[in-house]
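Here is the structure we will look at, set down as structure tokens.
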Amino acid sequence: VRIAKDNIRAAFLSKHVDVHVCNFFDTRPKSALTVVTNPPYGERLQPGDMEIFYRKMSDKLKIDYLGSVAWIIGSNPECMKYMGLHPERKIKLFNGPLECTFRKFSIYEGSKRDQFGE
């Protein structure tokens, strides 16, 4: 977190980017925002716990983060499937030795068809 804050300050983005450690499930944003997160993806959670965690994270986004964008990094595609959300974008990258994807999710009410007429 300290390194991230130092980099944000060096890029003159302190007015636009807020970094802090918190329990995601305790948050309630006042307006739409961009969330960037690196949740557990199988290295620190047991297989049965991953499904519960990712479903709970998805529910939190759909209830309290409407209008927001969530960028989520993960190395286990099965974890992302538990969310029940479809990514708009996937970027392959490495997080240390783990091959991962960085996925963008727009959080909106209803279905994609409702939002975009698709």
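This structure is a prediction, so every number in the text was calculated from the model and none was measured.
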Passes side chain to side chain contact (heavy atoms under 4.5 Å, CB included), Ile91 versus Arg103? Steps please. CA-CA 6 Å; Ile91 301 170; Arg103 299 175 188 221; over 6 Å; no

Are Ile8 and Val19 close enough, and set up right, to give a side chain to side chain contact (heavy atoms under 4.5 Å, CB included), and what steps lead you there? CA-CA 9 Å; Ile8 291 163; Val19 175; 3.2 Å; yes

Audit row: His20, Val1, side chain to side chain contact (heavy atoms under 4.5 Å, CB included) steps and yes/no: CA-CA 7 Å; His20 56 277; Val1 172; over 6 Å; no

Go through Leu93 and Thr101 one step at a time and tell me if the side chain to side chain contact (heavy atoms under 4.5 Å, CB included) criterion holds. CA-CA 6 Å; Leu93 52 84; Thr101 56; over 6 Å; no

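Placement of Leu61 and Leu66 within a single hydrophobic cluster is found when ILVMFWY residues are connected by side-chain heavy-atom separations under 4.5 Å, directly or transitively. Under the 4.5 Å side-chain heavy-atom criterion for ILVMFWY residues, no single connected hydrophobic cluster contains both Leu13 and Val69.
Rounding to the nearest 0.5 Å gives a distance of 10.0 Å between CG of Leu85 and OG of Ser106. If you take CG on Asn7 and CZ on Arg2, they are separated by 9.5 Å, rounding to the nearest 0.5 Å. Considering CD1 of Ile107 and NZ of Lys62, their distance stands at 8.5 Å, rounded to 0.5 Å. A distance of 11.5 Å separates CE of Met80 from OG of Ser58, quoted to the nearest 0.5 Å. Of the inter-residue distances, the one linking Ser14 atom OG with Arg9 atom CZ reads 6.0 Å to the nearest 0.5 angstrom.
Taking 4.5 Å as the limit, every side-chain heavy atom of Met83 sits out of range of all side-chain heavy atoms of Arg55. In this structure, the side chains of Lys56 and Asp59 stay at 4.5 Å or more apart for every pair of heavy atoms. Looking at Ile73 and Thr37, their side chains never come closer than 4.5 Å, going by heavy atoms from C-beta outward. You'll find the side chain of Asn95 stays beyond 4.5 Å of the side chain of Ser75, heavy atoms only. You'll find the side chain of Arg89 stays beyond 4.5 Å of the side chain of Phe102, heavy atoms only. Looking at heavy atoms from C-beta onward, Met57 lies in side-chain contact with Ile72 at the 4.5 angstrom threshold. You'll find the side chain of Pro87 stays beyond 4.5 Å of the side chain of Lys104, heavy atoms only.
The aromatic rings of Phe25 and Phe53 sit perpendicular to each other, their planes meeting at more than 60°, with 30° as the lower class boundary.
Among Phe105, Tyr108, Phe24, the one residue that satisfies the ring pair (Phe, Tyr, Trp, His ring centres under 6.0 Å) test with Tyr65 is Phe24.
Side-chain atoms of Lys60 do not come within 3.5 Å of backbone N or O of Asp26 as any donor-acceptor pair. The backbone N or O of Leu33 sits less than 3.5 Å from a side-chain atom of Ser68, completing a donor-acceptor pair.
In this structure, Ile3 places its CD1 atom where only 12 or fewer heavy-atom neighbours from other residues, nucleotides or ligands lie under 6.0 Å away.
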